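Heads up: the structure comes next, in structure tokens.
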Amino acid sequence: MMKIKGLVAAAFTPFHEDGKIDFSRIPALVDKLVTDGLTGVFVCGSNGEGPNMLREERMQVAEAFLKEAKGRLLTIVHVGHSCIAESKLLAAHAQSIGADAISSVAAFYFKPSNVENLANCMAEIASGAPELPFYYYHIPHISGIAMDMVEFLKVAGDKIPNLAGIKYTANSINEFQSCLNFDNGRFDMLWGFDELLLPALAIGAKGAVGSTYTFAAPLYLKTMELFKNGEVDAAKKNHDLLVEMIRIFVKYPPIPAQKAIMKMTGYDSGPARLPLVTLNEQQYNDLEKSLTNIGFLDVITKKS
């Protein structure tokens, strides 16, 4: 089963002002990710507003990213939906177009009641694309599903033949560490909290998926390089700027704020869709000023 090293960008889906998908912006975005040194792209996830799109739109976005990324970036397609049958259809589609892997959150309206139930749901979804590695997308602060992930691996490992691992978007580093060590490191654990990348590296993380890698990957890759070379103090100093950048933008709605940062760095991905609300002019200007004051925009422009 695959094990991903490096950074995977949780890409933002570009929209026109009228809310329709702006496919014309995808090629330049993929080119940027390749140039910045990304390992892969995560499509139609939380930051890509997958749950905010029709099934047909999600399929079209997956196809558009895959067309540009094939042979240059791994493409992981998020297929999570509140309807298991819809997720399975999206999984089958991802396999049919040549995606490298799929991932799914738990159903977020009628929620799984226990680990066994969660594993059965994921098994059903994963069976739609039996040839692709499957990653469970653990994001409890959004999905509302906060089950023991070591127990999930114990149960799901026997139920899901193509289970590759977990996209772990929670701040419980101790549980992440236990998952890394489970069954002699059998599963691929992808770290999902960008601001905690450095601590995650310290306990053995090798791969990570995150939204801010879309516009700040060179800085994160520098953190990884310094840590790998044993320059821990330098890695911490480099990572401090990223932590401060995130502390600033989470004061705003996070996805619209990051879309604003994309625009500031030259890659406008358009507005967000309701119920997300695009930053107004004052919010945009205040965010830009705050990021300028800590030196982030100047540094990332030079790095990119």
Side-chain angles (χ1 to χ4, degrees), residues 1-4 8 40 42-46 50-51 55 58 62 74-170 172-192 204-209:
M1 196 64 72
M2 74 189 303
K3 288 210 172 181
I4 296 172
V8 176
F42 191 87
V43 180
C44 293
S46 305
R55 182 212 305 169
R58 291 174 68 166
L74 292 174
T75 303
I76 306 174
V77 179
H78 174 248
V79 300
H81 198 286
S82 57
C83 170
I84 301 297
E86 288 284 343
S87 290
K88 190 173 179 179
L89 286 171
L90 288 167
H93 174 261
Q95 179 172 291
S96 74
I97 63 173
D100 295 293
I102 56 170
S103 180
S104 178
V105 293
F108 40 83
Y109 187 84
F110 295 118
K111 297 179 175 64
S113 56
N114 52 52
V115 170
E116 182 85 15
N117 188 202
L118 175 62
N120 287 338
C121 292
M122 294 302 109
E124 181 68 15
I125 294 167
S127 71
E131 297 174 11
L132 295 186
F134 174 81
Y135 289 85
Y136 171 56
Y137 186 174
H138 178 56
I139 185 165
H141 65 286
I142 291 181
S143 68
I145 309 299
M147 296 179 190
D148 187 317
M149 286 295 97
V150 177
E151 291 301 314
F152 172 78
L153 290 175
K154 288 178 182 177
V155 175
D158 294 329
K159 290 179 178 286
I160 308 174
N162 52 333
L163 179 64
I166 299 174
K167 178 185 181 294
Y168 193 97
T169 307
S172 306
I173 288 185
N174 57 321
E175 183 180 73
F176 179 78
Q177 184 172 10
S178 295
C179 290
L180 276 173
N181 296 332
F182 175 73
D183 200 7
N184 296 313
R186 173 183 170 189
F187 294 104
D188 191 17
M189 295 297 301
L190 300 176
W191 182 249
K206 303 296 183 187
V209 182

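Note that the coordinates shown come from a computational prediction; the quantities given were computed from them, not determined experimentally.
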| query | Run the side chain to side chain contact (heavy atoms under 4.5 Å, CB included) check on Tyr137 and Phe42 step by step: do they pass? | reply | CA-CA 11 Å; Tyr137 186 174; Phe42 191 87; 4.1 Å; yes
| request: Go through the steps for Leu74 and Val8 under the test side chain to side chain contact (heavy atoms under 4.5 Å, CB included), then give the verdict. | output: CA-CA 8 Å; Leu74 292 174; Val8 176; 5.9 Å; no
| request: Report the C-alpha separation of Val209 and Tyr135 in whole Å, then their side-chain angles, then the decisive distance to 0.1 Å, and conclude whether the side chain to side chain contact (heavy atoms under 4.5 Å, CB included) test is met. | output: CA-CA 12 Å; Val209 182; Tyr135 289 85; over 6 Å; no
| What's the verdict on side chain to side chain contact (heavy atoms under 4.5 Å, CB included) for Glu86 and Arg58, showing C-alpha distance, side-chain angles and the deciding distance? | CA-CA 11 Å; Glu86 288 284 343; Arg58 291 174 68 166; over 6 Å; no
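For the atom pair Asn181 CG and Arg186 CZ, the distance stands at 15.0 Å (nearest 0.5 Å). Atom CG in Asn120 sits 11.5 Å away from atom CD1 in Ile125 (nearest 0.5 Å). Taking NZ of Lys154 as the start and CG of Asp183 as the end, the distance is 10.5 Å to the nearest 0.5 Å. For the atom pair OG (Ser103) and CZ (Phe134), the distance works out to 6.5 Å, reported to the nearest 0.5 Å. Note: Asn114 CG to Asp148 CG = 12.5 Å, rounded to the nearest 0.5 Å. The line from CZ of Arg55 to SG of Cys83 is 8.5 Å long, rounded to the nearest 0.5 Å.
Annotation: side chain of Phe182 is not in contact with side chain of Met149 (no heavy-atom distance under 4.5 Å). Ile142 is not listed as a side-chain neighbour of Val105, based on a closest heavy-atom distance of 4.5 Å or more. Using a 4.5 Å heavy-atom threshold, the side chains of Pro130 and Gln95 count as touching. The closest side-chain heavy-atom distance from Pro112 to Met147 is below 4.5 Å. Annotation: side chain of Pro140 is not in contact with side chain of Ile145 (no heavy-atom distance under 4.5 Å). Counting heavy atoms from C-beta on, the side chains of Met189 and Gln177 never come closer than 4.5 Å. Residues Leu190 and Ile4 have side chains in contact (heavy-atom distance under 4.5 Å, counting atoms from C-beta outward). You'll find the side chain of His78 stays beyond 4.5 Å of the side chain of Leu90, heavy atoms only.
Lys88 and Ser127 make their closest contact through CE-OG, 3.4 Å (heavy atoms, listed as atom of the first residue, atom of the second, distance). What you find for Pro133 and Asp100 is that their closest heavy atoms are CD-O, 3.2 Å. Contact between Ala205 and Phe176 at its shortest, heavy atoms only, is CB-CE2, 3.8 Å. The two residues Ser178 and Val150 make their nearest non-hydrogen contact at CB-CG2, 3.6 Å. Listed here is the closest heavy atom pair of Ile102 and Ala91: CD1-CB, 3.7 Å. Closest heavy-atom contact between Ile139 and Ser46: CD1-OG, 3.9 Å.
Relative ring orientation between Tyr168 and Trp191 is described as parallel, the plane-to-plane angle staying below 30° on a 0-90° scale split at 30° and 60°.
For Phe152 and Phe187, the ring centers are positioned 6.0 Å apart or more.
Although no hydrogens or angles enter the test, the distance criterion places no donor-acceptor pair under 3.5 Å between the side chain of Ser143 and the main chain of Phe108. Within the 3.5 Å criterion, the main-chain N or O of Leu132 finds a donor-acceptor partner in the side chain of Asn162.
The neighbour count for Lys206 NZ, taken as heavy atoms of other residues, nucleotides or ligands under 6.0 Å away, does not exceed 12.
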